[in-house]
Amino acid sequence: MKQSKNQTYQGVQVFAPATVSNMGSGFDIIGFPIEGAGDTITAYRNTTPDVRIVQVTGYSDIPTDPGKNVASHAVRKMLESLDSHQGFDLEIHKSVMPGSGLGSSASSSAAAVVAVNELLGRPYTKRELVNFAMEGEALVSGGKHADNVAPAILGGIVLVRSYNPLDIVNIPPPESMWTMVFHPQIEIRTDLGRSVIMDRIALKDAVKQWGNVGGLIAGLYTSNYDLIGDSMEDLVAEPYRAELIPGYQEMKKVALSNGAKGFTISGSGPAFFAICDSREMAEQVKEVVSREYEKHQIDFLTYISRVDRSGTVVLERFHVEG
Ligand code: ADP
C-alpha cells in the first residue's frame with residue numbers, strides 16, 4: 001500500500017534485521033544485516049504524550065520501562081528533536097536473544113524509529129534515523145555506536161567511516177557471498193566483551209590492522225574471497241573475546257579447514273560467523289561446526305544467509321475503523 005502525502009495511519013508494523021558487526025579487522029566500523037532474524041515492532045499512536053512499551057514477545061527478558069528500553073528511548077529522542085508531543089505504543093517481537101552479538105538491541109532501536117517516522121509522515125530519511133537509533137545503543141552500551149544500527153536500517157555492508165560528522169559508507173556485498181552465523185545460546189554482556197579489550201595497541205599492530213581493513217574493502221569490491229578472508233584477521237578484539245566463547249578457536253579451525261573463507265566473532269559474541277562463497281559451502285560449514293559443537297552441550301541456533309539488502313522495512317500499515 002502506498003502512502004499518499006495527506007494520509008495518516010494509526011499503526012504500522014516494521015521489521016528490522018539482526019546484524020553481524022565487527023567484521024574482523026573492521027572492529028567497531030563494519031557490519032551487515034542478515035535475513036530472517038530480527039525484531040518486528042508494531043507501533044500505534046496513543047492519546048498520551050508518552051512512548052510506552054505495551055508488549056514484548058519472543059525473548060521477553062528486556063525492560064518494559066520506557067526509560068530503559070532502547071526502542072522507546074530512541075523514539076523519545078526523535079520526538080524531542082521534532083518537538084512533538086504525540087505518544088506511541090510499541091509492541092516488540094524479538095527473534096534474537098539480547099546479548100547475542102547480533103545487534104538485538106539495535107534491531108529494536110532501528111525498528112522503533114522507522115515505525116514512528118512512518119507514522120509521522122516520514123520527516124526523516126533513513127540515514128537521518130541512524131542518529132536516533134544510535135541513542136538507543138548509547139543507553140545500553142555507553143557509546144553511540146552505529147555499526148549495528150546503520151546496517152539494520154539501511155541494509156547492505158556498511159562502513160562507519162566517521163562519527164563526527166557521522167559518515168556512513170555503503171560497500172557492495174559480493175553477489176555470491178553467504179554467511180553462516182552460529183549463535184551459542186549463552187549471553188555475553190556487551191560491557192564484559194568491551195572490558196577485555198586493551199585501550200591501547202602497538203603501532204606495528206595498528207599498521208597491520210589498517211592494512212587489513214584496506215584489504216577487506218578491496219576484497220569485498222572485487223569479490224576476492226582469499227583477500228576477504230585473510231584481511232578479516234583482527235588484532236584488536238578477537239584474541240581477547242575468543243576466550244569468553246566456549247569452543248571458539250576449535251570451531252574456527254574446523255570451519256576454515258572445511259571451506260569457509262573467513263571466520264570471526266560477531267559483535268562482542270557469543271555469536272560467530274563464517275564468510276562463504278556459496279550457499280552450499282555455508283550449509284557444509286554449518287553441518288561440520290554444528291557436529292563439533294555438540295560436545296560443548298550448549299544449545300545453539302544457526303542462520304544461513306546472504307547479506308540483507310533491504311534494511312528495516314515496513315510490513316503493514318493500519319487505519320483506524322470509523
Ligand atoms: P546485542 O549485542 O544482542 O544487541 P546488547 O548487549 O547490546 O546485546 O544489548 C542487550 C542489553 O540491552 C540487555 O541488557 C537488554 O536488557 C538491553 N535492552 C534494552 N532494551 C532492549 C531491547 N528492546 N532489545 C534488546 N535488548 C534491550
Side-chain angles (χ1 to χ4, degrees), residues 13-23 27-28 30-34 37-43 51-78 88-116 130 132-153 181-197 237 241 244-245 264-273 300-301 303 312:
Q13 186 172 65
V14 310
F15 175 77
T19 39
V20 162
S21 61
N22 290 346
M23 191 174 180
F27 169 71
D28 265 5
I30 302 178
F32 61 84
I34 59 171
D39 277 26
T40 305
I41 291 193
T42 311
V51 184
R52 305 183 298 204
I53 305 291
V54 294
Q55 194 180 70
V56 181
T57 53
Y59 290 93
S60 53
D61 193 18
I62 56 166
T64 50
D65 173 346
K68 295 191 175 143
N69 193 296
V70 296
S72 34
H73 181 75
V75 170
R76 278 178 169 176
K77 291 286 179 186
M78 179 178 157
F88 293 92
D89 285 349
L90 306 178
E91 295 173 5
I92 305 177
H93 180 75
K94 303 194 71 66
S95 80
V96 176
M97 187 198 264
S100 56
L102 292 172
S104 169
S105 52
S107 302
S108 272
S109 302
V113 295
V114 170
V116 169
V130 171
F132 302 112
M134 279 164 62
E135 297 281 358
E137 294 295 80
L139 180 72
V140 291
S141 69
K144 283 197 196 175
H145 304 290
D147 55 333
N148 288 106
V149 289
I153 291 178
V181 178
F182 193 95
H183 180 196
Q185 299 290 287
I186 52 172
E187 184 178 357
I188 295 183
R189 290 185 51 96
T190 305
D191 48 0
L192 174 64
R194 220 154 247 286
S195 69
V196 296
I197 299 172
R241 288 181 171 168
L244 305 174
I245 305 170
T264 195
I265 300 167
S266 178
S268 49
F272 46 82
F273 66 102
F300 57 83
L301 291 174
Y303 305 93
T312 303

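Just so you know, ligand 1 is whichever comes first in the structure, and atom 1 is the first atom listed for that ligand.
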Nearest non-hydrogen protein atom, atom 5 (P) of ligand 1: Thr190 OG1, 3.2 Å
Contact (N/O only, under 3.5 Å) between Lys94 and ligand 1: yes
4.0 Å heavy-atom contact, Glu187 with ligand 1: no
Atom 19 (C) of ligand 1: nearest protein contact (heavy atom, Å): Lys68 O, 3.6 Å
Side chain to side chain, Val113 and Val149, heavy atoms closer than 4.5 Å: no
CG/Asp61: more than 12 non-hydrogen atoms of other groups inside 6.0 Å: no
Protein contact of atom 8 (O) of ligand 1 - nearest heavy atom, named by residue and atom, plus distance: Gly99 N, 3.0 Å
Nearest-contact summary for atom 12 (O) of ligand 1 - protein heavy atom, Å: Val140 CG1, 3.3 Å
Pro63 to ligand 1, any heavy atom closer than 4.0 Å: yes
Under 3.5 Å: N/O of Ser108 near N/O of ligand 1: yes
Atom 9 (O) of ligand 1: the protein heavy-atom neighbour that sits closest, reported with distance to 0.1 Å: Ser105 OG, 3.4 Å
Closest protein heavy atom (residue, atom, distance) for atom 20 (N) of ligand 1: Val70 N, 3.1 Å
Nearest-contact summary for atom 2 (O) of ligand 1 - protein heavy atom, Å: Gly101 N, 3.3 Å
SB check Glu137 Lys144 (cutoff 4.0 Å): no
Lys94 versus Ser107, side-chain donor and acceptor atoms under 3.5 Å: no
Flag side-chain contact, heavy atom, 4.5 Å: Ile265 against Asn22: no
Side-chain donor or acceptor of Asn69 paired with backbone N/O of Pro63 under 3.5 Å: yes
Identity and separation of the nearest protein heavy atom to atom 27 (C) of ligand 1: Ile62 CG2, 3.8 Å
Ile92, any N or O under 3.5 Å of ligand 1 N or O: no
Polar contact flag for Asp61 and ligand 1 (N/O pairs, less than 3.5 Å): no
